[in-house]
Novice: 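One structure coming up, written as structure tokens, with questions to follow.
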Number of protein chains: 4
Amino acid sequence: MGTNRLEAFSDGVIAVIITIMVLEMKVPHGEGVETLVPAIPIFLSYILSFVYLGIYWNNHHHMLHACQKVTGSMLWANLHLLFWLSLIPFATGWMGENHFAAGPSALYGVVLLMAAVAYWILQQLIIASQGPDSILKKAVGRDWKGRLSPILYAVAIPVAFWWQWVSLTLYVFVALLWLIPDRRIENILRKAER
Amino acid sequence: MGTNRLEAFSDGVIAVIITIMVLEMKVPHGEGVETLVPAIPIFLSYILSFVYLGIYWNNHHHMLHACQKVTGSMLWANLHLLFWLSLIPFATGWMGENHFAAGPSALYGVVLLMAAVAYWILQQLIIASQGPDSILKKAVGRDWKGRLSPILYAVAIPVAFWWQWVSLTLYVFVALLWLIPDRRIENILRKAER
Amino acid sequence: MGTNRLEAFSDGVIAVIITIMVLEMKVPHGEGVETLVPAIPIFLSYILSFVYLGIYWNNHHHMLHACQKVTGSMLWANLHLLFWLSLIPFATGWMGENHFAAGPSALYGVVLLMAAVAYWILQQLIIASQGPDSILKKAVGRDWKGRLSPILYAVAIPVAFWWQWVSLTLYVFVALLWLIPDRRIENILRKAER
Amino acid sequence: MGTNRLEAFSDGVIAVIITIMVLEMKVPHGEGVETLVPAIPIFLSYILSFVYLGIYWNNHHHMLHACQKVTGSMLWANLHLLFWLSLIPFATGWMGENHFAAGPSALYGVVLLMAAVAYWILQQLIIASQGPDSILKKAVGRDWKGRLSPILYAVAIPVAFWWQWVSLTLYVFVALLWLIPDRRIENILRKAER
């Protein structure tokens, strides 16, 4: 079974998630520019979540590119990942509406952590299915980003209850870490094609 | 006529259904973690429905994999299935908001029952179109899961008005039954390819 | 330029339209089964619109199957069709919430009429682009359904202000007319392949 | 890496954006036709945004048609474009609800300007990746529309605070400018195929 329909479905779900998130930004009732001010934290949290969903889409894209056949457990690991991603609009809306308060900022970290764990499980399943010469395993290499991110989220969650700005800085930092496109997989694939 | 566009449209609809369901989880207005407590039943019902939609997507995926050409009646049987699936967010939201009360739990069972019937009709149409050597028929075999599920839903619906927890246990039980990936179709297809 | 991306985009838009329509069915606030009663007219209007969108998707599917290359004007005629289809959830919600009152029932007819006109324009553009031996022209034939439907909608619109049930009967009648799968195109295509 | 998944994801996002925009048109609570009157400005702003999103989808379609391989930076430039397009429903809703008041009309221009800039960045990245014989560069030519549009938006933004109808006229004018299908790319591609 090929990866086509898995990709198409994941794309569909991520496309809807990324777009309905904008529905959390309620249209202000006044017409003055100053009525936009309360929407600023919601807008900032929207940008952060948009970037995170973009990163997941991007990496998912590369990961499935290094995968030839899909097993039943991969389908479910993928749905598990989509489940946690689907909670991002909720966590984003709560965090934005409460101006990055402690609790919402911690919950945001929980959702990011669980999504990262779900991504890692999917990656391990693909690597395991490819056997010892796994092209994805080579591509991912030591995977320091994939290992560091959940640690930073796990740190950020309890910290949010004392200094939530530290947590938010960690979320932004991890996002920037991943924004650098994942050239590892591209490089390995290129070598494999030669 | 191939199955491509039917798959793509079904994927699109299921992707939207699975994602708009999260809109039923309204962002709480307070910032304390305790404001999340009322959302817990909604969250639990969301998980259950997410798993059910995942199961339908998964099985639909396998079923269409065992189907080569699509007839007009299949298109409509598929739309009929999507119709009942599209009611899952409504039933989920009502059940979650009312903390799994009797009426909403019964309605949830009605929607699951009708979706199961619609799935069965689609399956029968594909089998009929494939003639006596139907590859799908062999794959589905005695189809004990497909026969047992609607019976359990039909039992759960009236039971919900007395002991709704029994009904909910039945819904969870059927979901677990299906969570085991449907290796039957995979196996038969593998043999057919040899 | 092929029809693939046009189909994919149309499928996406129709999938979203068909699914967000269910958001108009607000989750009732009570937990009793009787709280569903006010939702019944909304549910009925949802069924009607679901069937109409299914018909459009179905016919659109067949029509593009008989079209090889897409021109710029077809892209816009297709967007024009999607525009009117995108108003169906609004018209459906208004009609359902007001228990099929005169005004909303007339507006529903206006949207159906405009969608039918938009569909006809797209069809004519494809036929024109295919020249005198147009495969779609042969498939559509005298197109009595396509000619009759807008006439019936046009009748139903003013009638709604006196006897809206006549209008609603006309909408249901036209839907049933189209529910019979459009075998014409299938037949012609089959002959062309021989 | 091919353009397929990039196209599919972009199509998905644009399809959702174009459709959820209609959710801003709230179903009126009365049943009289006169209750539709307050929805007229929202409807007009919906038409304008629908046309703009149609133009972007259309041009994006043509642009990716002239692009063979996708780099990591193109993926991000594309997400950047989708980000600004995703704000169109918000800006549309605010402008429509406030009957084209000054502030909302200016914000609408800001979103259009940023989307135009994002489109231009994506176009430049594709051209740069194609080297000196870039087929897209030839197709775009002097790109007077692409250069003029952001200038007109930039003029319209401050002007909105004094004469917002001038700004709105500019938005409509630019839309009409683009409605004429972009035959340039089609022509160059046709020549390249010979």
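For clarity, every value in this text was computed on a predicted model and none was experimentally measured. Chain letters run A, B, ... following the sequence lines, proteins first, then strands; residues in each count from 1.
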Novice: Which residues in residues 42-51 of chain D have a heavy atom less than 4.5 Å from any heavy atom of chain C?
Specialist: D:Phe43, D:Tyr46, D:Ile47, D:Phe50, D:Val51
Novice: Under 3.5 Å, is there a donor-acceptor pair linking the side chains of D:His60 and D:Asn78?
Specialist: yes
Novice: Looking at D:Thr35, D:Leu36, D:Asn4, which makes the most heavy-atom pairs under 4.5 Å with chain C?
Specialist: D:Leu36
Novice: Ignoring hydrogens and angles, tell me if any N or O in the side chain of D:Tyr52 forms a donor-acceptor pair with the backbone of D:Tyr171 under 3.5 Å.
Specialist: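 Pair found, side chain donor or acceptor close to backbone of D:Tyr171.
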Novice: What are the two closest non-hydrogen atoms of D:Val33 and C:Gly103, and how far apart are they?
Specialist: CG2-CA, 3.8 Å
Novice: When you measure from the side chain of C:Lys145 to the backbone N and O of C:Leu177, does any donor-acceptor pair fall under 3.5 Å?
Specialist: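 Judged by distance alone, yes, a pair lies under 3.5 Å.
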Novice: Please report the C-alpha distance between C:Asn98 and D:His29 in whole Å, then the side-chain angles of each, then the deciding distance to 0.1 Å, and finally whether the side chain to side chain donor-acceptor pair (under 3.5 Å) criterion is met.
Specialist: CA-CA 8 Å; C:Asn98 292 289; D:His29 287 299; over 6 Å; no
Novice: Only pairs of heavy atoms separated by less than 4.5 Å count here; which of D:Gly32, D:Ala39, D:Gly30, D:Gly12 has the most with chain C?
Specialist: D:Gly30
Novice: Using heavy atoms and a sub-4.5 Å threshold, report which of residues 153-161 of chain D line up against chain C, by residue number.
Specialist: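 Listed by number: none.
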Novice: Taking the six-membered ring for Trp, are the ring centroids of C:Trp57 and C:His61 within less than 6.0 Å of each other?
Specialist: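 Yes: the rings meet the under 6.0 Å criterion.
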Novice: Can you tell me which portion of C:Leu23 sits under 4.5 Å from chain D's heavy atoms? Options are side chain, backbone, both or neither.
Specialist: side chain
Novice: Taking side chain as everything from C-beta outward and backbone as N, CA, C, O, which of these in D:Val22 sits under 4.5 Å from a heavy atom of chain C? Side chain, backbone, both or neither.
Specialist: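 Side chain only.
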Novice: Does one side chain, of C:His80 or C:Trp84, offer a donor that lies under 3.5 Å from an acceptor on the other?
Specialist: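 Yes, a side-chain donor-acceptor pair sits under 3.5 Å.
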Novice: If you draw a 6.0 Å radius around CH2 in D:Trp165, do more than 12 non-hydrogen atoms from other residues or ligands fall strictly inside?
Specialist: yes
Novice: Tell me, for C:Leu107 versus chain D, whether the close heavy atoms (under 4.5 Å) come from the side chain, the backbone, both or neither.
Specialist: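 Only the side chain of C:Leu107 comes within 4.5 Å of chain D.
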Novice: Ignoring hydrogens and geometry, is there a side-chain-to-backbone donor-acceptor pair from C:Ser134 to C:Gly131 under 3.5 Å?
Specialist: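 Such a contact is absent between C:Ser134 side chain and C:Gly131 backbone.
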Novice: Is it true that a side-chain atom of C:Tyr108 and a backbone atom of C:Leu168 form a donor plus acceptor pair closer than 3.5 Å?
Specialist: no
Novice: Shortest non-hydrogen contact from C:Leu79 to D:Gly54?
Specialist: CD1-CA, 3.7 Å
Novice: Is the backbone N or O of D:Phe90 less than 3.5 Å from a side-chain atom of D:Glu24, with the two atoms forming a donor-acceptor pair by type?
Specialist: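 Looks like no, no N/O pair under 3.5 Å.
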